[in-house]
Each structure stands twice: as C-alpha cells, then as structure tokens.
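Worksheet: one structure, shown below.
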There are 4 protein chains.
Amino acid sequence: MRTKEGNKEQDILEAAIKIFAESGYHNAKIHKIAELAGVATGSVYVYYENKEMILLTIFAKLWDKLFLELKEIAESKDIDAVEKFDMMIDLLFDTFIQDPALAIVFVNEQNYLLQKSPEKFTLYYEKFLDLGEAIVNEGISNGVFNTKIDVKMIRSFIFGGMRLLLHQWANNPDSVSLHHIRQNVKYFCKKGLLN
Amino acid sequence: MRTKEGNKEQDILEAAIKIFAESGYHNAKIHKIAELAGVATGSVYVYYENKEMILLTIFAKLWDKLFLELKEIAESKDIDAVEKFDMMIDLLFDTFIQDPALAIVFVNEQNYLLQKSPEKFTLYYEKFLDLGEAIVNEGISNGVFNTKIDVKMIRSFIFGGMRLLLHQWANNPDSVSLHHIRQNVKYFCKKGLLN
Amino acid sequence: MRTKEGNKEQDILEAAIKIFAESGYHNAKIHKIAELAGVATGSVYVYYENKEMILLTIFAKLWDKLFLELKEIAESKDIDAVEKFDMMIDLLFDTFIQDPALAIVFVNEQNYLLQKSPEKFTLYYEKFLDLGEAIVNEGISNGVFNTKIDVKMIRSFIFGGMRLLLHQWANNPDSVSLHHIRQNVKYFCKKGLLN
Amino acid sequence: MRTKEGNKEQDILEAAIKIFAESGYHNAKIHKIAELAGVATGSVYVYYENKEMILLTIFAKLWDKLFLELKEIAESKDIDAVEKFDMMIDLLFDTFIQDPALAIVFVNEQNYLLQKSPEKFTLYYEKFLDLGEAIVNEGISNGVFNTKIDVKMIRSFIFGGMRLLLHQWANNPDSVSLHHIRQNVKYFCKKGLLN
DNA sequence: GATGAATGAGTGTTCATTCAT
DNA sequence: TATGAATGAACACTCATTCAT
C-alpha cells in the first residue's frame, strides 16, 4: 500500500494555519491548503472530515496545549499567585510568539467557531479559563488580590485585551516589541488586581 | 424630511445588522437582507456598491457616532480625566446596549474588515482610539494616572477586553447584567491606571 | 427587470428529457442541460430545486397527462370495455411515439424514482394504473373479460410488457413498426383477457 | 476445492449484488462492497477491472445460468411446448425467488447495461430469449400456439411483464405470493398464445 | 429609482481507481 | 495477491452581482 511518508496530517494542519491566517477561514480554499501541504486535494479529506474540522482541530490542539501547561503552573506549590499570574501571561505570549500565523487564526476565527459549533468547542477553552480563574482566586484567598472584582468577568476582560494586542502584533510583528506589550499587560493587570 | 429612498437605505442597513449578527458576514445572504428590509434584491445595489460596502458603512457610522460623542466628552473643560474615562466606558456600553445585534457584528467582523480593507477602514476607528488616548494622557499630565504604562498599548488592551465582554453579553444578554460588567471594568481599569 | 423571454422552464425540461435519454439520469450533467436549453447553468436552479426535481417534474407531467386522458376514456358511457382497453393501449403508444426521448427516460428512470422518492412519486402513477384496472374490471362485470385473472397483477404485467417494447422501439425506432407492436399487444392481451 | 482467492472473487460479487440492490448501481460505493465482502478496497480491482465489470459479471453469470437451464428444457424430447413454456416461467421465478437482491439488480440495471455496453452484453441475453422464442415456435409448428402473433415481439412483452412483477415482489416480498403471480402469468400468457 | 430573473464563476466534497509496499 | 492511503478529475449547487424593463 501507499503509506504515509512524513506526516501528512500534520503538514495539512500547518498549511491550513498559514492559509487561514493569510485569507481568513471563509476565503481559504482547500486546494490551496493541499498545495501548500504538498498533497492532493482529496488527501485533505483522508485526514479531516471537512473544512470546519480542520479549524476545529487547530483550536483543539492549541487549547489542549495551553491547558496542560497552565495546569502545571497552577498546581505548583512553591509559586505564589502573583507569579503564577505572570507566568500565565507569559505562556500565552510565548505560545503565539512561536507561531504568529496561529495567533492570527486564533484571534480571527475563535468567535466564528464559538458561534458555529459551541458544543464541539466550548469545552477546550472553558477549561483553560477556569484555570486562570483559579489562579486569581488563589491570590484573593491569600489576601494579595483584592476582593472587589468579579473574577469571571475580569478573566474575560484580560483575555480579550490580550487577544487584541496579540492580533496587532501578529499582523505587524516589527512595529512593537512583544516584550514591551507583555510588561505593560502584566503591570496594568497586577495593579488592577493587587490589594 | 427623509425621502422614501432615504428610508430604504436605512432599512437595508438595519436589516444587514440583524442578518450579519445572526449568520455572520460570510454566511449572510444578500437576498435575506433585502427580504428583511422589505425591498427587492437588486435594490440593495442601488444603495450599496457591494456586500462589503454594507459592512463598511455599518462600521463607519458606528465609529463616527462614537467619535463625535467621545469628542464632546474629551473637550469638556469642567470634567476631570478620571470622570472622562468613566464616561468613555459608559459611552461604549450604552451604545451597544441599545443594539445588541450591532454589538455582535462589531465584535465578530471588525477584524475581518481591518484585514480586508484597512485603507478604507482604519481611519474611523483610529480617530476614536486617539481620543481615548488623549483622555488618559490628560490624566497623566494632571498627575492622577501613573506614567509607567504605555498608553497606546493599554488603550488597545482595554478596548479588546471590553469587546470580549460585550460579545459575551450580546450573545446571552440575560446571563449577566451589563451594569455589573461596567462597574467591574471601570474599577479594574482605574485601579490599573491611577497613581 | 430581466424577464423571461420564451419559456425557460419548459425549455429546460425538454432539454433535460433529451439529455437524460442520451446519457441516463446519473450521467447527465446539469451544465449540458442548460447548454441545450440555451440558458446559464444557474438558471436551471431558478426553476428547479435540484436535479432530482427535474426528473420528478418530467414524470409528474407525463403521468398527469396520461391520467387525464385515460380518465376521459374510462368515463365514456358509449364505449365498451374492450374498446376502452384498446384505447388505453393506443394512448400509451401515441404518447411516446410523439416523444421517443421521453419514452426512454420513462422506461429507464421510473424505477429509480420509485425507489428514491416513492412518497413524492407513487401517487401520480398509481392513479393511472387504478383507472386501467377499472376498465378491466368493467369488462369483467360485463362478462366480456374472464374472472380467473387477478386484475391488479395483470395490469402490472401488461404495463411492464409494454414498457419493454417501448424501450426497444425508442432505442431503435426504425427496426420495428410501432403499429405492428401495437397490434400484437392488443391481440395478445385481449386474447388473454377475453372469456 | 475453491482456493482462498476464488472465494474472494465470489464474496465480492455477492456483496455487490446486495449493495447494488440497496442503493442502485450508481449510488453504490466500491468501498462499501469491499467492506461487506470483507476485503480491502483495492482487492476489488484484483478481481474486477472496474465497477461496470462487476455489474456485467453479475448479469453474465445470471444469463448464462438461465440459458443453460432453459436449454435443457427446450431440448427435452418428451415435453410438449406448452409445458416447456410453463417450465420457462418457473425457471425465471425460481431463480429470483432464491435471491431477491439479484432480482432487484436485474430489474433496475439491465437497461443501463444494455445502453452503456450493448456490445459486451447483448449476447448473453439474446441467447436466452432465442431459446424462449424457439419454444413458442415449436408450439406454433405443433399447432397448439396460434400463428397470429409475432413471436419476437411477444417474447419481449412477456419478459417485460414478468420483470415488472418481479420488481414489485422483490421490493416487497410479503405483499404478494410469488406462487400467485406465477399462476396468473402462466394463465394469462397461455390463454394469449394458445389456439 | 426599483425590480427580480438571469447569470456564470467559483468551490467544497466525492469516489472510482491506482500503486508503492 | 492483498492492501488502503493517496489521488485528482469531476460536478451539483450557490449566490453576489447585473441589467432589461
């Protein structure tokens, strides 16, 4: 039989990220993804049920990775809540710094997926946000973060703020230093959160 | 007095906001917009060059309105910077509270437009953000806001955070009180900004 | 507005009959039908929901016409059952003699439709067969047709026999005289039916 | 002894009959046939050149079998023509009673093959019909069947009639007794044929 | 301006067939 | 022989846009 040489499944996913980032999900053509991945058009459908499943897989893998890494941070015993918060911000920035195209797809298409197939999707990302919430709650319990804020709300606020900054950076990586963005976000958020 | 034609132009725009909110820009059908507006499909093209121009017009009007209202706030002599900041937050929330469908379109499609036709679009929205920046800078000059933050960055951060909260609210208006969101945002941001 | 000139709906149907007859329903291409009808591909879908609906419409019109004409025959007071039977045979032959392509489509695709969408289809054709059955029953009541046969069965038998003969004729109209076929069918069936 | 390979060839054929009966030839998927046969998709092509050859093989085997059995009947010295006719009808009914799926394929796809590849196909089935014709001619020579009918025509008529009845039965075997169908067909045909 | 029938380029998806192993 | 991953040509159907009236 003709066997997989290399990893077509992964090649297709990476090609899709690039094409989705360039043209947006709705204007991306399957045959362009196949071309970039170096496979035949039909092969895309050997690995993915349809176009939407490609997008869903991109997000599932992203959120899974983020969740697992944040989990390790959140469960560390010898790190205080403030530092954990810092590390969470770093985790997000570091993830996208390594793959700006992924950052663009993430920023542009997350809402679409959320509206189109919430049932397949919400889980992945709620789990991540829940961990972030836990970190802030830990800080509140320890008396370092103040009690006046609604954590569920602020976690979304911070997430949304970072998303937009990432978007601006991913579309024009040379105009701002990601390090600078990161410092500002940390400073601003911690000032808002600390007692 | 608005002529009959003027009404159609507006009817189409309002219908488009609803349809775009429901289905997303890319899945919205022109004939559905025409139907909802009570005009023939072809009439849409009497008033708008093409589909994208409808979306662009929605955003242009929105940002224009926001800009003009924020300008009035920013230019008031007898209001201090902190209060101006509060009023800016209120302006955004009040605008979208009156038209949740508009809020959804705004949140979901802003990025698309920004990427697709930045030349036609960026102006509108930069002008608004510039005013917001000016308010914060005023606070810094007056010594009430701290100097450690990069205002350009934080204006985007705050904007992105509010956008996501609005999105969650617009999709499920009953789950959270907009008043509650607003209080939290104000509290968190001012704590982050104040000296 | 661009109005229908001529009768595109009918043109498409006639083109479809020809293309279906030539290539069979499954190998017929919509764009070939459009081409033959002298319209754009998309126009086919202005008049017909999809490919299957074209086929269904062909059959619906055919059976409707046959039913109405047979009804007139069946209800005539001054014609005896044997003559009505003759006229029924003539009706079928005359219909297809006028449109051999229709005969081919009818013979080749009736089974497919019957299996694929019986709910939309059976009605039309059952009504025709019921009338044929009534004619034979009338002959039985009058004592001219014999009582040993199951009319429901024989009506299908005769129908199937005629269908195959029509098929052979439609595919090769010059090889046999339809008049000859008709005489034989009438002779054979009446001999089988008469007391 | 059948080799393993021989079994696969047969397994595929039997699976194809079932799948063709269920979905129709054009909607049948090769991979479904392979699955049902318990072989890999590619193996189908080890035994059959292509999809059409599978169908052709089904018919070739069927007509071959029918031909051989009818030949034995036709050549019997001590059976008269009328009885031979009866036996021919029985042969057809008995064949399909044993394999209703085959009956469905036979009825639905015979026309398609006839049109698509007459050169590869007509032979098989003409030979069978010729034998049937010979039986009727024998009856005519012997003076038991009447001379007014065109035998070539009536053989098709009878064949077409039986085909439709078989189709109705195969699709709904419980609604009618095949025995009953058979009696009616024999009675009707012989009455039509006899002097 | 207003209409809506007509257009036709465009694309996601299917699936018979191939072929390296 | 046997496999099943890989292929890519093919096509039904969509829909933004046009334009004759």
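On a predicted model such as this, the values are computed, not experimentally measured, just so you know. Both backbone and side-chain heavy atoms feed into the values below; hydrogens, waters and symmetry mates do not. In what follows, chains are A, B, ... by sequence order, proteins preceding strands, each numbered from 1.
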d([atom1], [X]; [atom2], [N]) in whole Å:
| X | N | atom1 | atom2 | result |
| --- | --- | --- | --- | --- |
| C:I12 | F:dA12 | CD1 | P | 14 Å |
| C:E35 | F:dC11 | CD | P | 13 Å |
| C:K32 | F:dA10 | NZ | C1' | 13 Å |
| B:I33 | E:dG4 | CD1 | C1' | 16 Å |
| B:I19 | F:dC15 | CD1 | C1' | 15 Å |

For the residue pair A:A103 and A:A170, what are the closest heavy atoms and their distance?
->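 Distance-wise, the nearest heavy atoms are CB-CB, 4.0 Å.
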State the dot-bracket string of DNA chain E. Criteria: Watson-Crick or G-U wobble, both atom distances under 3.5 angstrom; notation: ( ) intrastrand, [ ] crossing earlier pairs, | interstrand, . unpaired.
-> .||||||||||||||||||||
For D:Y47 and F:dA2, is the shortest distance between a side-chain N/O and OP1 or OP2 below 4.0 Å?
->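 Yes.
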Counting just side-chain N and O atoms, does B:K8 come under 4.0 Å of either OP1 or OP2 of E:dA2?
->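 So the side chain of B:K8 is within the cut-off, an N or O lying under 4.0 Å from OP1 or OP2 of E:dA2.
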With sugar-phosphate taken as primed atoms, P, OP1 and OP2 and all else as base, the protein-contact string of nucleotides 9-14 of chain E at under 4.0 Å (heavy atoms; B, S, -) is --SSBB
Determine whether a donor-acceptor pair (N or O, by modelled atom type, separation under 3.5 Å) exists between the side chain of [X] and the backbone of [Y].
| X | Y | result |
| --- | --- | --- |
| C:T57 | C:M53 | yes |
| A:K116 | A:L114 | no |
| B:Y48 | B:I12 | no |

Cationic tip of C:K51 above C:Y25 ring, under 6.0 Å, 45° of axis =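 Because its charged atom sits under 6.0 Å from the ring centre and within 45° of the axis, C:K51 does stack over C:Y25.
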Closer to the 5' end of DNA chain E via nearest nucleotide, is it B:V44 or C:V46?
->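 Closer to the 5' end of DNA chain E: B:V44.
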Determine whether the aromatic ring centres of A:H26 and A:Y112 lie less than 6.0 Å apart.
->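 Ring centroids of A:H26 and A:Y112 are less than 6.0 Å from each other.
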With the side chain of B:S43 defined as its heavy atoms from C-beta on, choose the nearest nucleotide among E:dT7, F:dT3, E:dA2.
->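 Between E:dT7, F:dT3, E:dA2, the one nearest the side chain of B:S43 would be E:dA2.
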Are C:I104 and C:E22 side-chain neighbours, meaning at least one heavy-atom pair lies under 4.5 Å?
->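 Side chain of C:I104 against side chain of C:E22, heavy atoms only: no contact under 4.5 Å found.
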Beyond-backbone contact of D:F20 with D:N108, side-chain heavy atoms, under 4.5 angstrom =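 No, their side chains stay 4.5 Å or more apart.
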Would you please classify the geometry between the B:F106 ring and the B:W63 ring as parallel, tilted or perpendicular, with 30° and 60° separating the classes?
->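 B:W63 vs B:F106 ring planes: perpendicular.
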